[in-house]
Amino acid sequence: VVTATNVVNMYGKCGSLRNSQRCFDKMLSKNIITWTTMISSYSESGMGYMALHLFEQMLQECVLPNMVTFITIITICTNQVAKIEGKRIHVYILCTEYKLDIALCNSLISMYGQCDALAHARQTFDGMLAKNVVSWSGMIAAYAQHSQGMAALSLFQEMQLIEVTANDITLVSVLDACANQTCLSAGECVHTLIFSDTLELNVLVGNSIVNMYNKCGKFLDAWKTFTRLKEKDTATWSVIMGACAEHGQGMEAVRLMDQMMHKGVGLD
RNA sequence: CAAUCAUUG
């Protein structure tokens with residue numbers, strides 16, 4: 001069973017859903033990990049709907065989900081923006097011993113955030129007995145994505161007060177909140193904070209800073225930050241080119257495009 | 001450890 005499950009996983013990860021499914025169907029005995037793996041495979045291939053379907057089928061065959069299964073399926077609900085399904089599964093989770101698991105609650109927060117159910121996200125967040133940096137980042141991101149920049153920023157402050165250490169992803173979410181709220185002062189504050197702590201900026205954080213300055217109408221600061229970034233990825237170029245275009249610098253955008261191609265950064 | 005959580009264009 002372990003070996004066959006590994007095969008299902010390997011095909012799934014390689015995007016070969018057909019083979020993954022074929023192997024899964026041929027297996028005579030399956031355990032919960034096998035089912036969970038197959039559900040993930042559907043999701044990897046962008047077939048979230050099929051993944052939800054397989055989950056239902058699993059329940060009908062009286063196979064009990066474990067914590068990883070729940071995390072997996074809730075994450076799929078997030079990607080599918082499947083609010084109804086997500087809520088239903090959450091109710092089920094509340095009847096299990098997993099209801100307070102940190103990673104599971106984290107995925108629920110993100111699912112509710114994605115499904116425009118901020119209140120449910122917050123409720124889940126508040127109900128947690130223990131939180132980690134992912135919980136905080138997830139809740140901050142949920143607020144940021146719903147233009148609740150102020151709520152995001154105050155959560156960030158609260159997080160720092162109880163001495164949870166922010167990581168790169170947290171900062172990306174916070175900067176996103178500043179960008180959405182066009183809250184320049186807070187964004188600058190974060191920028192300063194970052195420079196005092198780290199020498200080299202993570203690409204993701206760098207991109208978010210450029211984006212934040214641009215959204216706050218500080219094209220020059222965006223540009224300055226862009227030129228100072230050691231590491232650039234396709235998102236970096238995309239942000240700065242978009243910024244140029246918005247500021248009537250179409251020619252500059254084209255020039256950047258050339259530069260990017262020249263550096264061997266592929267298009268996507 | 002055979003499967004699993006938050007993030008910018």
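Atom set for the values below is all heavy atoms of this structure, side chains included, hydrogens, waters and symmetry mates excluded. The sequence lines fix the lettering, A, B, ..., with proteins before strands; numbering per chain opens at 1.
- Within the nucleic acid shown, A:Thr234 comes within 4.0 Å of at least one base atom, counting heavy atoms only.
- Between B:rU4 and B:rU8, the distance separating the two C1' atoms is 23 Å to the nearest Å.
- Here the P atom of nucleotide B:rC5 and the CD1 atom of A:Ile71 are 8 Å apart, to the nearest Å.
- Atom CD1 of A:Ile209 is separated from atom C1' of B:rU8 by 11 Å (rounded to the nearest Å).
- For A:Met257 and B:rG9, the CE to C1' distance is 14 Å, given to the nearest whole Å.
- Checking B:rA2, B:rU8, B:rU4 against the side-chain heavy atoms of A:Ile33 singles out B:rA2 as nearest.
- On a pure distance criterion of 3.5 Å, a polar donor-acceptor pair joins the side chain of A:Asn167 and the base of B:rA6.
- Within 4.0 Å (heavy atoms only), A:Thr72 reaches sugar-phosphate atoms of the nucleic acid but no base atom.
- Spacing between atom CD of A:Gln21 and atom C1' of B:rA3 amounts to 17 Å, rounded to whole angstrom units.
- Listed nucleotides: B:rU8, B:rC5, B:rA2. Nearest to the side chain of A:Asn6: B:rA2.
- Proximity note for A:Ala235 (side chain, C-beta onward) versus B:rU7, B:rA2, B:rU8: the nearest is B:rU8.
- Between B:rU8, B:rU4, B:rA6, one nucleotide has an atom nearer to the side chain of A:Leu204 than all others, and that is B:rU8.
- A:Ser147 and A:Asn180 form no side-chain donor-acceptor contact under 3.5 Å, judged by distance and modelled atom types alone.
- One can place CD1 of A:Ile109 at 15 Å from P of B:rC5, the figure rounded to the nearest angstrom.
- Relative to the side chain of A:Asn66, the nucleotides B:rG9, B:rC5, B:rA3 differ in distance, and B:rA3 lies closest.
- Counting non-hydrogen atoms under 4.0 angstrom, A:Asn9 reaches the backbone sugars and phosphates but no base.
- When each of A:Arg88, A:Lys83, A:Lys87 is paired with A:Glu85, the side chain to side chain donor-acceptor pair (under 3.5 Å) condition holds for A:Arg88 and for no other.
- Here the nucleotide nearest the side chain of A:Gln145, chosen from B:rG9, B:rA3, B:rU7, is B:rU7.
- Heavy atoms of A:Asn132 sit nowhere under 4.0 angstrom from any nucleic acid atom.
- The gap from the P atom of B:rC1 to that of B:rC5 amounts to 14 Å, rounded to the nearest Å.
- Between A:His90 and A:Tyr112, the angle of the ring planes lies from 30° to 60°, which puts this pair in the tilted group.
- Residue contacts shown for A:Ser107 are limited to sugar-phosphate atoms, with no base heavy atom under 4.0 Å away.
- Here B:rC5 presents its C1' atom at 16 Å from OH of A:Tyr112, a figure rounded to the nearest Å.
- The distance from atom CH2 of A:Trp136 to atom C1' of B:rA6 is 14 Å, rounded to the nearest whole Å.
- Heavy atoms of A:Asn180 sit nowhere under 4.0 angstrom from any nucleic acid atom.
- Residue A:Asn31 contributes atom CG, which lies 12 Å from atom P of B:rA2 at whole-angstrom precision.
- Here A:Thr36 lies in heavy-atom contact (under 4.0 Å) with a base.
- Comparing B:rC5, B:rU8, B:rG9 against the side chain of A:Thr75 picks out B:rC5 as the nearest.
- Across all strands shown, A:Lys13 has heavy atoms under 4.0 Å from sugar-phosphate atoms exclusively, and none from any base.
- For the residue pair A:Ser173/A:Ser137, the side-chain donor-acceptor check at 3.5 Å is not satisfied.
- By the 6.0 Å contact criterion, NZ on A:Lys30 is enclosed, its count of non-hydrogen atoms from other residues, nucleotides or ligands being greater than 12.
- Between A:Trp223 and A:Phe219, the ring planes lie tilted relative to each other; the angle falls in the 30° to 60° range.
- Of the candidate nucleotides B:rU8, B:rC5, B:rA6, B:rU8 has the atom lying nearest to any side-chain atom of A:Asp176.
- Across all strands shown, A:Val134 has heavy atoms under 4.0 Å from base atoms, whether or not it also approaches the sugar-phosphate.
- At most 12 heavy atoms of other shown residues, nucleotides or ligands fall within 6.0 angstrom of atom CD1 in A:Ile84.
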